[in-house]
Structure formats: structure tokens, C-alpha cells
Amino acid sequence: MGKEITSRQEDYSQWYNDLVIKGGLADYSAVRGCMVIKPHGYSLWENMSDQLDRMFKETGHQNAYFPLFVPKSFLEKEEGHAEGFAKECAVVTHYRLKADPTSNGKLIVDPEAKLEEELIIRPTSEAIIWNTYKDWIQSYRDLPILVNQWANVVRWEMRTRLFLRTAEFLWQEGHTAHATKEEAVEETKKMLGVYATFAEEYMALPVVRGLKTESEKFAGAEDTYSIEALMQDGKALQCGTSHFLGQNFAKAFDVKFLNKENQQEYVWATSWGASTRLVGAVVMAHSDDDGLVLPPRIAPLQVVIIPISSKDATAQSKINDKAHQLMRELKAANISVKYDNDDSNRPGWKFAEYEMKGVPVRIALGARDLQNNVAEVVRRDTKEKQSISLDELASHVVKLLGNIQNDMFNKAKSYRDAHTTRVDSWDDFEKTLDEKGGFISAHWDGTAETEDAIKEKTKATIRCIPLDAVKENGKCILTGKPSTQRVLFARAY
RNA sequence: CGGGAGGUAGUUCAGCCCGGUAGAAUACGUGGUUUGGGACCACGGGGUCGCAGGUUCGAAUCCUGUCCUCCCGACCA
């Protein structure tokens, strides 16, 4: 009855769509490639973005806001950057509509209102920001600039998927300016670390920190680092990127500073971003065939209390009293909790509904429980039921939420580790990819040609060169040429 | 952007081939009985059949165009 979810086994893509739609996270919109993020989904994103925002501020960054529109001439300035994004830009060419003289009630673009220079809707903000930084920076005393912005961006994608790839999406983009290369490189790595910590501690999502290959790196960057996670279907998902931009944007926008020796130098730059794709990641990594499974630390609602109502008015008022007391205790412990005493749905319906929405802990309170001085406590991740004494219920739930958070991380990590395979022959490479999926740790000769050839043959790409890779002599999986370390391959979203 | 499927009540879908009063389930409203895994009874409200043209006495149904979605590819966070 009610909302059915397609099982993972039957159709993984449809399962994911069902979760997002039926779990109340988002809806399709009337606009091609764009989604409506619903309150439950936005609340999840807020819990994630709020925490990231705290972590950015703890590492010395401040928020600012730059324009949505980027003059085309700005975007052109950094050549690699321009080439990388040109294919997916939305362009504003006019600034006015007028009534259609040939069709009553319709509007047309006013041909008189053509912009002298087209405006590009930002696919990312390096261009407009570096054009601005030029005015902010004269001396080494003006550096570093450590700025982040929370914004929407538009990339005109051919094929979209809820949260994972939409034409418009929400994200944050950090843009920093530094006096030295060393400092910029350190910043790049520091922010990669922030993303990794966030993913692991809050999203309960184990990630691999690594360096992107030349062909996978950001358009305009010297080096791109990313965190890579593994989804339940064995495909990889990039969950955050941090770029060392060198002096590329400083040179393109002529941003120089006077150093202590009174000499002009170009500024060193970084940028780093994470998007609403993280919502897709957390959904896909943990959920099951009954709905969303959300980590307690970012769940929009952590605990729901469901009364098993009784005809007996005395028993009913005891249930209400106990539920309200419990809510006070949990709120005092900084836990979000809801008492669902809406009489229009029966308990069984509510059980299914809150499982669908991924609420980590459910407490059922009935007359029978109160007689025994207990409540039924059920954890969403394992569905395990426990009868807990009312006297220690609040403290038990606090501990339980912590356990769920840890268990979810450990479960995801066991899966990830079990699906990371060291492979040393081409036959094994193809076989592992097809039969098992996941990450494949293998040697690569370091050339873009080989990388492309592997992608052509298997659809697997190099997700990253892990930062913790040990130096080890070996032979390239495809060409047999010498290699000094393993890289991580996978099919990816 | 190529290939496939689809758009009819809030939702899932039937009806379309073979044109003739727009249906089911579920959801929703009211009243009542209920409440430990998606309750039951009674009554009730709800759809310009994605949109725009065309053919026809008559179009959800046939034709053309267009928009949107899903799946599979190519491209990408």
C-alpha cells in the first residue's frame, strides 16, 4: 500500500529517483533540467551547508557574494577555463520583453533591447572574482584573501539527474589569493581535508583523497584534488574538489602585488567547491529499499515519537505526558524530535512514512509500554527494535544516535574496502569492473593516451591518484610500461 | 545531442489500435468506529485528457508541430 519504492536490485537508477521523490527531498520542475528542492531536502542541505560553513569560518574564511552574471569577455581571459566551460553556458542576450504585436497576450524579446556584450550566467565564479580581486590587491599586506560564497550556478547539462547533475545547482565556492605558491598549495590541501573530514564525520561517508589526472582536472587549474566516494552500485562519485590555480587567473586578470622587496609578483590562487550533489551522495550511499537512511548528524529530524493511541482517556493522557517529557529531555540534549500525534494516520502508516523519510530513531509509546515502564526504540539503519526503560530513555537515545552515526560510517567503509580491488592484469581489470565494480587500484603509465584508451574500452576513468599511495614499481595495466604507483579506477557518475 | 518509452483526477494507471456522455485504485473532505507495521463503514468533492494547430457533424482516441519527464548512450560536479 501507499508509496512503493523500486528495489535496488531491480533498477538502481529508479530506486534512487524513487527515494528522492517519495522521500520528499525534491520534485521535478516545469523547467528543463532543474529541480525543486522540497523542505525535507532543503533541511538536509542546510544541515550540511551550515556545518561546512562553520568549518570554513574555523579555518579563517569569510563569506561574500559576487554577481550571477559574468561578462563574456571576462570568461574568455583564462584560456583553459574558457574552453572548459564554453559548451555549457547559459547566455543572456537581451534585457527586455515587449507585447507581441501579432499575438494578443503573448510576449516577445524586444529586438531593440539587445545587450552590447552578452552576459554569461556563472558556471563558476573565478572570472568575475579575479576581475574583482585585481582591485582589492596591491600589496602583500592585502594577502591572503580567504573568501567563500554560497551561490547557485548554471551548467547546461545534456542529461540531468536529481541532485547529482542538474542545470542549476547550489554550492559554495571558495576563492583564495596568496602571496606564495607554498601557501596556496597548503590552502588547497587544507580545504580538501575539510571536505574529507566533513564527508566522513557528518555524512558517514568514507572518501579517498586524491589528485586528479591532467585530463580530469578543473579547466584553468594547475592541480585538482578531489574526494571520491563509492555508491552502493559500485560506481564512484566525486564529492568535493579543491584546485591549486597557480598564477593562471592572476596572469589572465593581471592581479599583481608588491612584495616586501618592493617587487611586483603575480598572486597565487586556489578555489574549492562542494554542491547539492552531496545530498545525492548521502542518499545513494546509505539508503535501502524501504526509503532513506540518513546519518543522525545531518538528518533533518533525528527522533520521532509515535503514540499508540488508546480509547482509555487516562492511558492516553499518560502517553501524551510521557511523550512531552521525553521531547523536553531530548531537546535539552540538542536533539531534534517530533511527536506525531496526528490522529488521522495509524501507527503502522507512520512507521512506514518515517522510514521512507530516513528519520534515524523512532520511539513508539503505548499504554502497554507505560504499564511496563518502557518504550519501543527502533533504529532506522538496522531496523533493530529494543525495549528501553523510560527512566533511561533520553540518555539511551543520545547514545544510540552516536552509535548509528558510527555504524553507518563503518558499514559504508566495509563496503568501500570490500569493493576496492588491487588488480595486476588487464583480464582481471575488465573482469573485476564488470562482475564486482567498485574502485580498482592498478598501475598506469601516466599518459593521457592510455587513460583515454582504458576509458574507451571499459568506461572506467581514473578517479584520482590517492594521496596516500605508496611508491611501488609495477607495470601499466594496459600498456605494460613502467609505473611507480597505483591509481584508482572506477566507473563514475 | 542520438536511440527507446511516456505525459489522462493530488498519485499510480486503464481507455487510444477500431473517433460518439472520461474511468479504477489510492489520496483528499465530512461523520462515525478504530489505533502495537501502510484500518474500516457511509456520504461527498475533484480531470479544458501536457500545450498548440489540423482532419471530422463530433477528437483523450487520427495527423502535424512543440514542451516536459524517464531509461540507455556521447559530454560533464
Side-chain angles (χ1 to χ4, degrees), chain A residues 1-6 11-14 16-18 21-22 27-35 84-89 103 106 123-124 153-173 195 212 215-219 224 226-229 236-243 271-281 290-291 306-312 315-316 319 340-356 362-372 374-376 378 383 385 387 455-456 459 461 463 492-493:
Chain A
M1 291 297 292
K3 301 175 183 173
E4 293 292 331
I5 290 181
T6 307
D11 185 342
Y12 191 86
S13 295
Q14 193 56 49
Y16 174 76
N17 287 332
D18 285 356
I21 301 288
K22 293 172 182 175
D27 266 338
Y28 293 110
S29 75
V31 185
R32 181 193 183 84
C34 299
M35 64 175 176
F85 284 105
K87 297 188 299 287
E88 48 189 14
C89 287
S103 182
K106 297 286 168 65
T124 179
V153 288
V154 168
R155 296 181 187 175
W156 210 264
E157 298 291 348
M158 287 306 156
R159 188 172 169 202
T160 58
R161 302 197 67 189
L162 293 164
F163 287 111
L164 299 178
R165 180 172 298 106
T166 47
E168 180 193 12
F169 57 93
L170 306 183
W171 78 346
Q172 59 64 219
E173 44 182 325
Y195 289 141
K212 286 291 194 184
S215 49
E216 292 273 333
K217 78 180 188 187
F218 175 73
T224 287
S226 72
I227 54 171
E228 300 282 334
L237 184 69
Q238 179 176 308
C239 289
T241 52
S242 185
H243 315 291
S271 70
W272 27 275
S275 72
T276 36
R277 169 179 267 197
L278 291 178
V279 175
D290 293 320
I306 296 174
I308 310 298
S309 299
S310 169
K311 276 184 295 189
D312 180 347
Q316 184 58 42
I319 291 171
D340 186 352
N341 59 351
D342 180 350
D343 201 35
S344 57
N345 291 311
R346 303 177 74 207
W349 189 92
K350 292 175 188 173
F351 295 168
E353 186 63 16
Y354 290 106
E355 276 168 12
M356 181 79 76
R362 178 180 85 224
I363 299 170
L365 265 183
R368 210 166 68 204
D369 295 315
L370 292 192
Q371 275 168 16
N372 299 321
V374 296
E376 182 190 78
V378 184
K383 304 233 178 64
K385 293 182 182 178
S387 197
K455 186 180 177 186
E456 184 72 24
K459 294 183 182 109
T461 50
R463 299 321 303 156
Y493 277 96

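Chain A is the first sequence line, chain B the second, and so forth, proteins listed ahead of strands; every chain is numbered from 1. In this text, all values refer to a predicted model and were calculated from it rather than measured experimentally.
- Taking the C1' atom of each, U8(B) and G4(B) are spaced 22 Å apart, rounded to whole Å.
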Atom pairs, protein N/O to nucleotides 30-35 of chain B N/O, distance under 3.5 Å:
from   : atom 1 : to        : atom 2 : distance (Å)
U34(B) : O4     : Asp343(A) : OD2    : 2.9
U35(B) : O4'    : Arg346(A) : NH2    : 3.4
U35(B) : N3     : Asp343(A) : OD1    : 3.2
U35(B) : O4     : Asp343(A) : OD1    : 3.4

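- The side chain of Lys455(A) has C75(B) as its nearest neighbour among G38(B), C75(B), C72(B).
- With distances taken from any side-chain atom of Asn17(A) to the nucleotides C76(B), C71(B), U69(B), the minimum falls on C71(B).
- Among the protein residues, Thr241(A) comes within range of no part of the nucleic acid, since none of its heavy atoms lies under 4.0 Å from any strand.
- Look at the C1' atom in both U12(B) and U30(B): the space between them is 26 Å, to the nearest Å.
- G44(B): Watson-Crick or G-U partner is C28(B), with both key distances under 3.5 Å.
- The nearest whole Å value for the distance from the CD atom in Gln316(A) to the C1' atom in G36(B) is 14 Å.
- Of the candidate nucleotides C71(B), G38(B), U69(B), G38(B) has the atom nearest to the side chain of Ala352(A).
- Taking atom C1' in both U26(B) and A9(B), one finds a spacing of 11 Å when rounded to whole Å.
- Comparing atom distances between the Asp369(A) side chain and each of G37(B), G36(B), C71(B) picks out G36(B) as nearest.
- When distances are taken from the side chain of Trp349(A) to each of G38(B), C76(B), G37(B), the shortest belongs to G38(B).
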